[in-house]
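This report refers to the structure that appears directly beneath it.
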Amino acid sequence: MSKYDFKIIEPKWQKKWEEQELYKAEDNSPKPKKYILDMFPYPSGSGLHVGHVESYTATDIYSRFMRLKGYNVLHPQGWDAFGLPAENYAIKTGIHPTETTKEAIKTFTKQINSLGFSYDWSREVNSSDPAYYKWTQWLFLLFYKNGLAYKKKAKVNWCESCQTVLANEQAEGGVCDRCGNKVIQKDLEQWFFKITDFIEDQVVDNNEVKGLLNGLSSVDWPDSTKAAQKNWIGRSEGSEIKFSVGGYEPGIKVFTTRVDTIFGCTYVVVAPEHPLLKELGKAIKNIDEVEAYVAATKKKTDLDRMEAKEKSGVELKGIKTVNPFNGNSVSVYVADYVLGSYGTGAVMAVPAHDERDFEFAKKYNLQIKESIISNKGSKTECYTDDGQLVDSGEFTGKSSAEARELMMQWLEKNLQGSRKVNYKLRDWLISRQRYWGAPIPIIYCEKCGEVPVPEKDLPVLLPTDVDFKPTGESPLMLSKTFHEVICPVCGIKAKRESDTMDTFVCSSWYYLRYADNLNDQEFASQSALKQWLPVDVYLGGAEHTVLHLLYARFFTKALQKFGLVDFNEPFLKLRHQGTILAEDGTKMSKSKGNVVNPDVIVEQYGADALRIYEMFMGPLEDAKPWNTKGIVGITRFLEKAWKLATEKTLTDCEVGVGQCNCAPVGLPQLLHKTIKKVTEDIEEFRFNTAISQMMIFVNFASKFDSLPKPAVEKFLKILSPFAPHMAEELWSLIGNNESIFLQKWPEYNGALIRDELVNLVVQINGKVRETIEVEAGITEEAAQKIALEQEKIKPWLENKEIIKVIFVPDKLINIVVK
RNA sequence: GCCGUGGUGGCGGAAUCGGUAUACGCGACAGACUUAAAAUCUGUUGAGGGCAACUUCGUGAGGGUUCGAGUCCCUCCCACGGCACCA
């Protein structure tokens with residue numbers, strides 16, 4: 001009688017599985033495909049944490065299940081290896097990021113393999129590998145040549161004391177994370193991707209490219225994620241209206257979604273960046289004061305802006321503008337509560353119906369004029385809902401919705417404005433003044449200007465002769481071997497672009513590379529893409545709800561537009577794993593010292609126990625507190641399962657479980673119910689309830705001394721995706737030579753899961769008074785007859801009149817009395 | 001403020017179609033085994049009342065629909081996550 005010793009069996013099978021190449025995705029296979037993907041991890045120095053294990057276990061169970069169901073499964077893993085932590089570590093220690101990354105990947109790989117995950121490692125990718133980032137650069141050039149990558153001045157975080165650009169993550173709270181000084185905004189030339197081109201649907205050569213908004217309706221993603229993306233894109237429909245300014249032809253164009261409130265407009269506000277300020281110049285009588293205000297705003301940090309609770313602004317003296325609807329002349333202000341980067345950079349202020357304008361008007365004693373009253377009659381100081389128009393000329397009395405349409409038509413007819421859609425989403429700033437990323441493949445030549453690196457010269461390699469000590473300049477600027485180059489067009493001395501790409505660029509296409517990771521001619525061949533893409537199931541953290549997922553969708557849509565892929569959405573089904581919290585319900589963090597290290601758990605309880613425990617904690621998507629004591633329950637379950645195969649007499653029965661006499665009463669029924677439940681639960685990612693059901697089966701089966709061998713075998717098969725090592729060991733112990741993972745997933749027998757006897761609930765006025773055991777399929781008449789004969793029921797009916805009987809077949813009978 | 005998700009025993013959670021609320025697991029209590037402990041096994045474990053059979057209450061709060069509500073509708077409270085001067 002062998003003992004369950006995970007320390008021996010887990011490494012043993014991990015080695016054997018590797019030798020057998022069980023998890024290789026086949027490029028040419030008649031089987032249907034499933035592409036099951038984890039978000040590739042950043043190989044951090046602190047190693048794998050229990051959150052990784054949660055996500056990877058879920059996809060591993062699903063992948064193993066799908067292989068047993070007969071699918072050709074692609075389940076790869078790789079490394080999102082570029083990024084700040086490795087570079088910061090290099091600055092501190094002088095150890096090159098290539099080295100730390102290599103070490104971290106080694107550790108991660110070892111940890112991942114110790115958990116028995118079924119990755120096809122022959123597909124591994126590493127975004128910091130030149131063979132990979134060659135294609136990141138190639139895609140950049142593809143975008144560049146098609147007008148999707150461009151350069152323009154943009155605000156970046158700048159630390160005056162370190163004389164350097166900071167990434168947003170390094171400027172949190174408006175403070176430099178190196179020296180603690182305030183971060184200011186500085187205008188510098190930056191690279192952008194034109195993601196905004198893909199917000200709405202477009203038709204290219206008769207091909208419909210669904211936009212980032214509409215594409216969401218075709219994918220199976222959590223509602224919260226779809227909502228967050230829509231929110232981020234921030235589509236808003238409204239009107240652009242011209243307010244004329246005497247002596248200044250362009251006038252002031254404002255954007256509003258509430259044209260119905262325009263009769264309440266008492267002034268107009270422009271952003272400090274508005275071109276009108278410079279163009280009007282001396283026409284503004286207090287131009288000095290205005291310029292001082294604008295300069296002060298520019299110096300303001302994000303922190304100041306966040307802290308500034310009070311609105312501020314300056315009137316443009318001598319300037320008036322005219323409301324096209326009523327011809328009223330109103331003042332113009334400059335104020336930094338209006339953003340230069342949204343809409344037209346100018347708004348019509350309606351203090352009676354907009355809280356920001358209200359606040360500003362109160363501070364500067366500006367007129368507050370009501371033009372909407374509530375339908376409900378309730379009146380507040382500042383009423384921002386729709387209602388009924390008052391004091392609005394010919395539109396008085398109309399509802400807000402009606403008025404908006406009529407006023408739009410009026411504007412269009414009189415050429416004073418037009419319908420306009422605005423978005424919060426901006427183009428994607430992809431350049432980083434950083435070392436540890438993919439270099440942007442552009443050369444600057446005095447004669448030829450901006451020159452893309454010729455494809456044959458890719459990849460543009462990261463130089464190694466760099467010093468990481470902070471000097472105030474990008475490390476790439478200081479590398480002579482890198483920076484100085486010959487112009488590929490005219491041959492004179494030129495300079496390379498020293499910026500690298502945002503790591504999100506690298507992760508926007510990695511799922512395509514797994515299809516054909518060794519290809520050195522293309523980022524992936526058309527046949528490989530057709531074979532594997534799109535991704536069927538994608539699992540990862542909810543922190544990527546917006547950025548990564550939006551960027552990856554943008555890449556896919558751009559590639560579809562260029563005819564390089566024939567699908568529109570990269571991830572058909574998406575799920576997020578919930579955060580695993582510390583035992584006290586707070587976030588795990590290094591500083592608090594409450595981080596659970598999976599290595600320790602594997603050492604103490606085994607990989608199978610850790611896997612099942614993490615799946616059993618609760619629904620995959622929920623945040624759940626860790627509780628080491630809870631693993632004991634899983635170990636008990638595994639020990640019991642072990643005993644089923646090793647301590648019971650296993651009877652051979654040819655006819656199959658259910659038709660034989662050797663099965664304990666009720667066991668075949670429970671087995672088939674369990675198969676059904678586990679199958680359905682895996683399909684729906686409800687691993688916690690699948691495990692409960694297997695526990696119920698094991699608890700029941702443990703009561704008997706002898707069990708039919710086929711029943712135990714079927715059970716091991718459904719257990720195998722969860723506890724692969726134990727299932728494989730037991731499978732071989734009871735005499736099977738071929739791996740359990742090459743078997744077929746068991747089917748349940750529908751006839752067996754139907755109970756012959758059911759418990760029928762008897763209710764009086766909806767309250768349970770008795771349950772009776774009856775034959776399944778009993779008729780209402782028969783059920784009622786039995787129910788009324790019950791001793792416990794009789795007293796409830798005394799002196800009562802039966803008004804109604806509700807019968808739910810095989811479930812309940814409810815007698816309504818008065 | 002806006003958007004989203006959720007609130008069920010001492011704890012993690014189950015009930016996904018409106019039909020026995022608390023499956024499964026942890027913990028706790030009692031018992032068996034043991035010199036003892038651990039491990040294991042068995043039983044009990046929502047709250048109140050009753051010797052008992054039983055019975056009343058009970059899924060964040062309050063209302064409603066229904067023969068019947070954790071589940072549907074309305075009003076509200078709280079927690080978590082995202083966005084946030086986006087006109």
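Convention: sequence-line order gives letters A, B, ...; per-chain numbering from 1. Quick note: numbers below take in every heavy atom, side chains included, and nothing from hydrogens, waters or symmetry partners. Only a predicted model underlies this, so the values are computations on that prediction, with no experimental measurement involved.
Spacing between B:A38 and B:U22 at atom C1', rounded to whole Å, works out to 31 Å. With both ends at atom C1', the span from B:G9 to B:G58 equals 11 Å, rounded to whole Å. A gap of 13 Å separates the C1' atoms of B:G70 and B:G6, to the nearest Å. If you take atom P in B:G12 and the same atom in B:G60, they sit 14 Å apart, rounded to whole Å. The same atom, P, is picked in B:A69 and in B:G63; the two are 14 Å apart, to the nearest Å. Between B:C74 and B:U66, the two C1' atoms lie 16 Å apart (nearest whole Å). Comparing the C1' positions of B:C72 and B:U59 gives an interatomic distance of 16 Å, to the nearest angstrom. Comparing the P positions of B:U5 and B:C57 gives a spacing of 34 Å, expressed to the nearest Å.
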Discussion item. If you apply the rule side-chain hydrogen bond (donor to acceptor under 3.5 Å, both in side chains), what do you find for A:Ser418 with A:Glu240, and how did you get there?
Written reply: CA-CA 5 Å; A:Ser418 55; A:Glu240 207 169 274; 5.1 Å; no

Worksheet item: Do A:Asp260 and A:Arg258 pass the salt bridge (charged side-chain N to carboxylate O under 4.0 Å, His left out) test, and can you show the C-alpha distance, the side-chain angles, and the key distance before you say yes or no?
Response: CA-CA 5 Å; A:Asp260 54 306; A:Arg258 291 298 305 274; 2.9 Å; yes

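Among the heavy atoms of the strands lying under 4.0 Å from A:Trp796 are primed sugar atoms or P, OP1, OP2 only; no base atom is included. Within 4.0 Å of A:Val816, counting heavy atoms only, lie sugar-phosphate atoms of the nucleic acid but no base atom. Among the heavy atoms of the strands lying under 4.0 Å from A:Val768 are primed sugar atoms or P, OP1, OP2 only; no base atom is included. Nucleic acid contact class of A:Ala346 (heavy atoms, under 4.0 Å, all strands): none. Heavy atoms of A:Asn688 sit under 4.0 angstrom from primed sugar atoms or phosphate atoms, though from no base atom. Contact annotation for A:Lys640: backbone-only contact, meaning every heavy-atom pair under 4.0 Å involves sugar-phosphate atoms and none involves a base. Within 4.0 Å of A:Lys230, counting heavy atoms only, lies no atom of the nucleic acid at all. Residue A:Leu812 is classed as a base contact, given a heavy-atom separation below 4.0 Å to a base. Among the atoms of the strands shown, only primed sugar atoms or phosphate atoms (P, OP1, OP2) are found under 4.0 Å from some heavy atom of A:Ser224. Using a 4.0 Å heavy-atom criterion, one finds that A:Pro222 contacts no nucleic acid atom at all. Among the heavy atoms of the strands, none lies under 4.0 Å from A:Arg235.
Regarding A:Trp626, its CH2 atom lies at a distance of 21 Å from the P atom of B:C11, rounded to whole Å. Taking atom NZ on A:Lys226 and atom P on B:C83, their separation rounds to 20 Å, with Å as the unit. Rounded to whole Å, the distance from CD on A:Gln229 to C1' on B:G81 is 16 Å.
As the counterpart of B:C67, B:G19 is assigned, both hydrogen-bonding distances of the Watson-Crick or G-U wobble pattern falling under 3.5 Å. Pair assignment for B:G12: B:C24, on the basis of Watson-Crick or G-U wobble contacts that are both within less than 3.5 Å. Searching all strands for a Watson-Crick or G-U wobble partner of B:C83 with both distances below 3.5 Å returns B:G1. Summarising the base pairing, B:G6 is matched to B:C78 through a Watson-Crick or G-U wobble pair whose two defining distances lie under 3.5 Å. In this entry B:G43 has B:C29 as its Watson-Crick or G-U wobble partner, both defining distances falling under 3.5 Å.
Considering only the side chain of A:Asp336, B:C85 comes nearest among B:A23, B:C85, B:C26. Here the side chain of A:Asn814 is nearest to one of B:G25, B:A87, B:G68, namely B:G68. When each of B:U56, B:A87, B:U20 is scored by its nearest atom to the side-chain atoms of A:Val761, the top-ranked nucleotide is B:U20. Closest to the side chain of A:Lys811, out of B:G19, B:G4, B:C85, is B:G19. Distances were taken from every side-chain heavy atom of A:Ser236 (C-beta onward) to each of B:A87, B:A23, B:C26; the shortest belongs to B:A87.
Anti is the glycosidic conformation of B:C57, whose angle departs from 0 by more than 90°. B:G58 takes the anti form, because its glycosidic angle lies more than 90° either side of 0.
For the pair A:Arg636 and B:G25, the criterion of a side-chain N or O lying under 4.0 Å from OP1 or OP2 is not met. Side-chain N/O atoms of A:Lys792 include none lying less than 4.0 angstrom from OP1 or OP2 on B:A53. Here A:Tyr337 does not reach the OP1 or OP2 of B:A87: none of its side-chain N or O atoms lies under 4.0 Å away. In terms of phosphate contacts, A:Lys629 brings no side-chain nitrogen or oxygen within less than 4.0 Å of OP1 or OP2 of B:C26. Between A:Asn699 and the phosphate of B:G25, there is a side-chain N or O to OP1/OP2 separation shorter than 4.0 Å. OP1 and OP2 of B:U42 both lie 4.0 Å or more from every side-chain N or O belonging to A:Lys703. Regarding contacts with the backbone of B:G13, every side-chain N or O of A:Thr689 stays at 4.0 angstrom or more from both OP1 and OP2.
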Review item, side-chain donor-acceptor pairs of residues 609-622 of chain A, under 3.5 Å, at least two apart:
residue  : atom : partner  : partner atom : Å
A:Arg611 : NE   : A:Phe722 : O            : 3.0
A:Arg611 : NH1  : A:Asp60  : OD2          : 3.0
A:Arg611 : NH1  : A:Leu115 : O            : 3.0
A:Arg611 : NH1  : A:Gly116 : O            : 3.3
A:Arg611 : NH2  : A:Asp60  : OD2          : 2.7
A:Arg611 : NH2  : A:Pro721 : O            : 2.8
A:Tyr613 : OH   : A:Asn627 : N            : 3.0
A:Tyr613 : OH   : A:Asn627 : O            : 3.2
A:Glu614 : OE1  : A:Glu54  : N            : 3.1

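Residues A:Phe360 and A:Tyr267 place their aromatic rings such that the two centres sit under 6.0 Å apart. Side-chain rings of A:Trp428 and A:Phe192 stay apart, their centers remaining 6.0 Å or farther from each other.
Put simply, OG1 on A:Thr257 and CG on A:Asn422 are 10.0 Å apart, with the number rounded to the nearest 0.5 Å. Taking CD of A:Gln790 as the start and CG of A:Leu788 as the end, the distance is 9.5 Å to the nearest 0.5 Å. The structure places OG of A:Ser55 at 4.0 Å from CD of A:Gln577, a figure rounded to the nearest 0.5 Å.
Residues passing the ring pair (Phe, Tyr, Trp, His ring centres under 6.0 Å) test with A:Phe697 are A:Phe715, sequence neighbours excluded.
A donor-acceptor contact under 3.5 angstrom links the side-chain atoms of A:Lys311 to the base of B:C85. Side chain A:Gln763 to base B:G19: a donor-acceptor pair is found below 3.5 Å.
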